[in-house]
Structure formats: C-alpha cells, structure tokens
Amino acid sequence: MLQQTQVDRVLPKYEEWLSKYPTLEALAAASPEEVADTWRPLGYNARPQRLHEIACEVVARYGGELPSDETTLRSFKGIGAYTVGAVQSFAFGRRAAIVDTNVARVLFRVFVGRGDRKTTVMEKRIWAMSEALLPRRDVFDFNQALMDLGALVCVARSPRCLVCPMRAICRAYPFNPDLEGPTS
DNA sequence: ATCCAGTGTC
DNA sequence: GACACGGGAT
C-alpha cells in the first residue's frame, strides 16, 4: 500500500483492509473484483490485484504463511528490492537493509551531498551504504529511524536542518536545493 | 509542478 | 535506462 503513497493516506485504508482481510487466507478467498473495490480510491490499481495474487500463491504453495527468504519474496510480482527488505526487517526481525525514497534522500545528502541521486550507479552506492550501516541488532529500529528521519526532518523540499542530528557531519549542510538533481 | 514507505516492462 | 502506473496534498 505504501508504494508511492503517503502514510497518512494509507492508514485509514490499511485499517479497513485488515479488518476485511485479517489473513492471507481471507484475502485469497475474496474475488478480485471485491478486492479492487476495497482498494479504491488508492491509486496504482495493479497493486490490489498483485496483493491478491500473492495471497492466493502463498495459500496454495506455502500453507498461508508468507515465506521470509529473499529469493522467494522477490519472485512475487509486486515485491521488489525495497519490499523484500521491509518484510524481512520489519516482519521477520531479520538483518536486512532497506532503501526507500526517504532512506535514499537521507543517505545521499549526509554522505554524498550533491549531484543526481537517481542514476543507477548512485542507487547502487546508496544500497551499499544502507547495508554497510546496518547495525548487528535493533535493525527494526534502525531502519525505522532512518525512514522517519527522512520523512520528518530530512524532507524533500525544505529539510529541517536545524533540528537534524546529522547536521554536524552532513555533506549537504547547509542545504542548497540547486546542488541536487541531474543538472549539477 | 513536485512529491509520495516502488515496481514491472520494453 | 526510460517509461507507465493514480490520486491527493503542497
């Protein structure tokens, strides 16, 4: 649900969704039409369909229990690199890195500071940083904190550098939006 | 216009 | 690598 969709907008629908489909079995048992209808008006309407497909697949082949290994998770359509890390670290407590838009922005600003964040080489650097920084324990809290720093402090438009704990070492401080993007 | 807990496709 | 995929908020 959270793929390219703000937390504030997901939250009410998430509650409704889980109330209606408390288990993967329940989701699998529903019709695709009903699932699509429950999803509305969140966008990206391939997502409910894929979520339903995943539920059916997990029920059919994995006894209704979501597998935790990267290869199997990644084999589902709709689950990419970010979701694998999120499921592993948040749901299973595994030591797995995540990179979403928030983490990418934070790590890019703190450790790179300028240039284009969206090139493939930079994306790989950011993943490498996220993995290298991963603590031995408390990975759930670490990943959550990194995301929250990006969502609440190191925001896209007007980052709140004055209250940021990374300010002293941040390569993007003092923040200048002209130093970010393809043309720099 | 830009951004948002991305991903699949060509 | 570019592009499509949604809808809501700033």
Side-chain angles (χ1 to χ4, degrees), chain A residues 1-18 32-33 35-58 66-68 70-110 115-131 133-134 139-160 172 175-184:
Chain A
M1 281 183 168
L2 288 162
Q3 289 169 7
Q4 292 283 281
T5 308
Q6 286 89 339
V7 176
D8 292 341
R9 214 159 82 79
V10 163
L11 215 40
K13 183 59 67 179
Y14 171 77
E15 300 289 353
E16 180 192 347
W17 186 272
L18 277 195
E33 295 78 14
V35 169
D37 195 61
T38 305
W39 186 267
R40 246 185 301 268
L42 297 180
Y44 283 161
N45 297 314
R47 291 181 298 172
Q49 175 192 341
R50 282 165 179 165
L51 214 35
H52 186 249
E53 288 168 4
I54 292 171
C56 292
E57 184 86 357
V58 169
L66 188 70
S68 64
E70 172 174 356
T71 307
T72 310
L73 286 173
R74 200 63 182 72
S75 75
F76 296 115
K77 224 162 250 190
I79 296 191
Y82 161 75
T83 303
V84 168
V87 167
Q88 287 191 321
S89 67
F90 295 138
F92 292 103
R94 300 264 295 276
R95 189 164 174 270
I98 56 168
V99 174
D100 74 326
T101 185
N102 293 299
V103 172
R105 190 173 51 248
V106 169
L107 296 182
F108 173 77
R109 282 177 177 166
V110 172
D116 187 2
R117 178 159 63 82
K118 316 238 176 198
T119 67
T120 40
V121 53
M122 187 58 66
E123 300 263 344
K124 292 197 69 169
R125 274 188 71 186
I126 291 171
W127 268 103
M129 287 190 276
S130 184
E131 282 159 7
L133 290 166
L134 214 57
V139 172
F140 185 114
D141 291 339
F142 178 82
N143 282 343
Q144 192 66 56
L146 208 47
M147 296 183 82
D148 286 347
L149 188 62
L152 302 174
V153 178
C154 193
V155 294
R157 299 193 169 143
S158 290
R160 306 179 55 193
F175 179 69
N176 178 356
D178 296 334
L179 298 181
E180 283 187 4
T183 61
S184 79

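Each chain gets a letter, A, B and so on, in the order its sequence line appears, and its residues count up from 1. Side chains are part of it too, since the values below use all heavy atoms of this structure and drop only hydrogens, waters and symmetry mates.
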Quick one: does A:Pro48's side chain get under 4.5 Å of A:Thr38's, heavy atoms only?
no
Polar side-chain atom of A:Gln88 near backbone of A:Arg95 as donor-acceptor pair, under 3.5 Å:
no
Rounding to the closest angstrom, what is the interatomic distance between C:dG6 and B:dT9 at atom P?
14 Å
Would you indicate which nucleotide in B:dG8, B:dG6, B:dC4 comes nearest to any side-chain atom of A:Gln6?
B:dC4
Side chains of A:Arg117 and A:Ile126, heavy atoms from C-beta outward: is any pair under 4.5 Å?
yes
Is there a side-chain contact between A:Lys118 and the phosphate of C:dA2, meaning an N or O under 4.0 Å from OP1 or OP2?
no
Looking at A:Arg50 and A:Glu53, is any side-chain nitrogen of the basic one under 4.0 Å from a carboxylate oxygen of the acidic one?
no
What's the CG-P distance between A:Leu42 and C:dA9, to the nearest Å?
12 Å
Can you check the A:Arg40 CZ to C:dG6 P distance for me, whole Å?
12 Å
What nucleic acid atoms does A:Thr120 come within less than 4.0 Å of, heavy atoms only: base, sugar-phosphate, or nothing?
sugar-phosphate
Between the protein and nucleotides 3-5 of chain C, list the N/O to N/O atom pairs that are separated by less than 3.5 angstrom.
{"unit_1": "C:dC5", "atom_1": "N3", "unit_2": "A:Tyr44", "atom_2": "OH", "d": "3.1"}

Please give, in whole Å, the distance from B:dC3 C1' to A:Leu152 CG?
15 Å
Within this structure, what is the CD-to-C1' distance between A:Glu123 and C:dA2, rounded to whole angstrom?
13 Å
Does A:Arg47 contact B:dT7 through a side-chain donor or acceptor facing the base, at a distance under 3.5 Å?
no
Counting the atoms with a prime plus P, OP1 and OP2 as sugar-phosphate, which does A:Arg157 contact under 4.0 Å by heavy atoms, base, sugar-phosphate, or nothing?
base
Tell me which residues in residues 94-110 of chain A lie within less than 4.0 Å of DNA chain B, going by non-hydrogen atoms.
A:Asp100, A:Thr101, A:Asn102, A:Arg105
note: A:Met1, atom CE; C:dG8, atom C1'; distance rounded to Å ~ 16 Å
Please state how far atom CD in A:Gln3 lies from atom P in B:dG8, giving the value in whole angstrom units.
8 Å
Whole-Å distance separating the CG atom of A:Leu11 from the P atom of C:dG8
17 Å
A:Val7 vs A:Arg50, nearer the 5' end of DNA chain B by closest nucleotide
A:Val7
What residues, two or more places apart in sequence or in another chain, satisfy salt bridge (Lys or Arg N to Asp or Glu O under 4.0 Å) together with A:Glu70?
none
What does A:Gln144 touch in the nucleic acid at a heavy-atom separation under 4.0 angstrom: a base, only the sugar-phosphate, or nothing?
base
Side-chain heavy atoms of A:Gln3 within contact of A:Tyr44, under 4.5 Å
no
A:Gly80 near the nucleic acid: base, sugar-phosphate alone, or nothing, with a heavy-atom cut-off under 4.0 Å?
sugar-phosphate
What pairs with A:Asn176 under side chain to side chain contact (heavy atoms under 4.5 Å, CB included), at least two apart in sequence or on another chain?
A:Asp178, A:Leu179
Test of understanding: with ring pair (Phe, Tyr, Trp, His ring centres under 6.0 Å), list the residues that count as partners of A:Trp17, not counting sequence neighbours.
A:Tyr21, A:Trp39
Residues at least two apart in sequence or cross-chain that pass ring pair (Phe, Tyr, Trp, His ring centres under 6.0 Å) with A:Tyr14, listed by chain then number, are none
Is the backbone of A:Ala96 close enough, under 3.5 Å, to the side chain of A:Asn143 for a donor and an acceptor to pair up by distance?
yes
Can you tell me how far P in B:dC4 sits from the matching atom in C:dG1, rounded to whole Å?
22 Å
Counting any heavy atom closer than 4.0 Å, what does A:Ala81 reach on the DNA or RNA strands: base, sugar-phosphate only, or nothing?
sugar-phosphate
Give one of base, sugar-phosphate or nothing for A:Ala86, where a contact means two heavy atoms less than 4.0 Å apart.
nothing
Quick check on C:dG8: is either OP1 or OP2 less than 4.0 Å from any side-chain nitrogen or oxygen of A:Thr5?
no
When we call it a touch if two heavy atoms are under 4.0 Å apart, what does A:Thr83 touch: a base, just sugar-phosphate, or nothing?
sugar-phosphate
Of the candidate nucleotides B:dT7, B:dG8, C:dT10, which contains the atom at the shortest distance from the side chain of A:Arg74?
B:dG8
Please figure out whether A:Val121 or A:Gly43 has its closest DNA chain C nucleotide nearer the 5' end.
A:Val121
Any A:Thr72 side-chain heavy atom under 4.5 Å of A:Leu66 side chain
no
Which part of the nucleic acid, if any, lies within contact of A:Phe76, taking any heavy atom under 4.0 Å across all strands shown: a base, the sugar-phosphate backbone alone, or nothing?
sugar-phosphate
Find the distance A:Arg9:CZ to B:dG6:P and express it as a whole number of Å.
13 Å
